[in-house]
Amino acid sequence: MSAGRIATTLYHPKLVLQEFFAGDPRDVSRALLGKILVRRRPLDNLDCKSHSSPFPFDWLAAGRIVEVEAYLGENDPAAHAYPGRTPRNSVLFGPPGHAYVYFIYGTHFCMNISCMPEGEAGCILLRALEPIMGECAMAKARHQDAQQLSNIRARKALASGPGNLCQALAISRERDNGKPVYEAHSDLVVMDDGFVFSEMLVTPRVGITKAADLPLRYAIAGNPFVSGKRTRMNAP
DNA sequence: CAACCGATCACCT
DNA sequence: GGTGATCGGTTGC
């Protein structure tokens, strides 16, 4: 990485455009690793209304995407799109670059980003972020003690795992399902700061029973914010 | 530290 | 009525 690249990284993060998401989920997954998920919460939800802010959002939280899984659509038995279009999964069949958020196990939300051109299903599950901004807001959303955030374990607990990630950024089905992630004024966008990494980890997907052997989980190798215990090699 | 279990709800059969 | 792209606490070796 050159010094020029680093300067770009710091000062000119770019919005990721819709066309980025139009391809095959496996390709988009690999490209999405290292990008930044940015969450802005509108002033309407401000906790301390007495404090006026010149900014259009009361807080900003962001994390680098370090772990994802690809779901391939109607031909993938593990995918929500497998049974074909239903009311629940209709976002997956819509245009690329939209959030597909669903409620699971009665307790958690999971966030995906739709891929493929309109009419074809396919998506990417966001499994873990490395927090890079707004950690205190994330800790509050997670009911964690912000005082402990100097501890690497506490920082990892913020957004490692798909359910935790959604809780940290206050992502819910009600608020976010179907929302585009490529619009400049959205409260949920993906950005590219030019970050590059050297090695990618590829393993089977987590927590599924069908098509459980396909190597469709992608992570930044060695990154300490990847969920689970194995951050290096594949299990047979 | 791995294995297990309960929580708790939307969806589909 | 069964199941699930999870999490975190407890159990037991």
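All values derive from a computational prediction rather than experimental measurement. Order of the sequence lines sets the chain letters (A, B, ...), proteins ahead of strands, with each chain counted from 1.
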Return whichever of A:Gly161 or A:Lys210 has its heavy-atom-nearest nucleotide of DNA chain C closer to the 5' end. A:Lys210

Do the side-chain N or O atoms of A:Arg142 get closer than 4.0 angstrom to the phosphate oxygens (OP1, OP2) of C:dC7? no

Over 12 foreign heavy atoms within 6.0 Å of OH, A:Tyr82: no

Check for a donor-acceptor pair, side chain of A:Asn89 on one end and backbone N or O of A:Gly84 on the other, with a separation under 3.5 Å. yes

Is there a donor and acceptor pair closer than 3.5 Å between the side chain of A:Tyr102 and the base of C:dA5? yes

Value in whole Å for how far the C1' atom of C:dA5 lies from CG of A:Leu214: 14 Å

Between the side chain of A:Lys156 and the main-chain N/O of A:Ser227, is any donor-acceptor distance below 3.5 Å? no

Heavy atoms within less than 4.0 Å of DNA chain B: which residues of residues 83-93 of chain A have one? Give them sorted by number. A:Thr86, A:Arg88

Establish, yes or no, whether the cationic atom of A:Arg205 lies under 6.0 Å from the six-membered ring centre of A:Tyr71 and within 45° of the ring axis. yes

Using modelled atom types and a 3.5 Å cut-off, is there a donor and acceptor pairing between side-chain atoms of A:Ser186 and backbone atoms of A:Val181? no

For DNA chain B, which consecutive runs of 3 or more Watson-Crick or G-U pairs (each distance under 3.5 Å) count as stems? B:1-7 with C:6-12, B:9-12 with C:1-4

Supply the atom-to-atom distance A:Leu32 CG to A:Phe21 CZ, rounded to the nearest 0.5 angstrom. 6.0 Å

Tell me the interatomic distance from A:Arg205, atom CZ, to C:dG4, atom C1', rounded to whole angstroms. 14 Å

By a strict heavy-atom criterion of less than 4.0 Å, which residues belonging to residues 104-117 of chain A are in contact with DNA chain B? A:Tyr105, A:Gly106, A:Thr107

Would you confirm whether A:Arg142, through its side chain, and A:Leu158, through its main-chain N or O, come within 3.5 Å as a donor-acceptor pair? yes

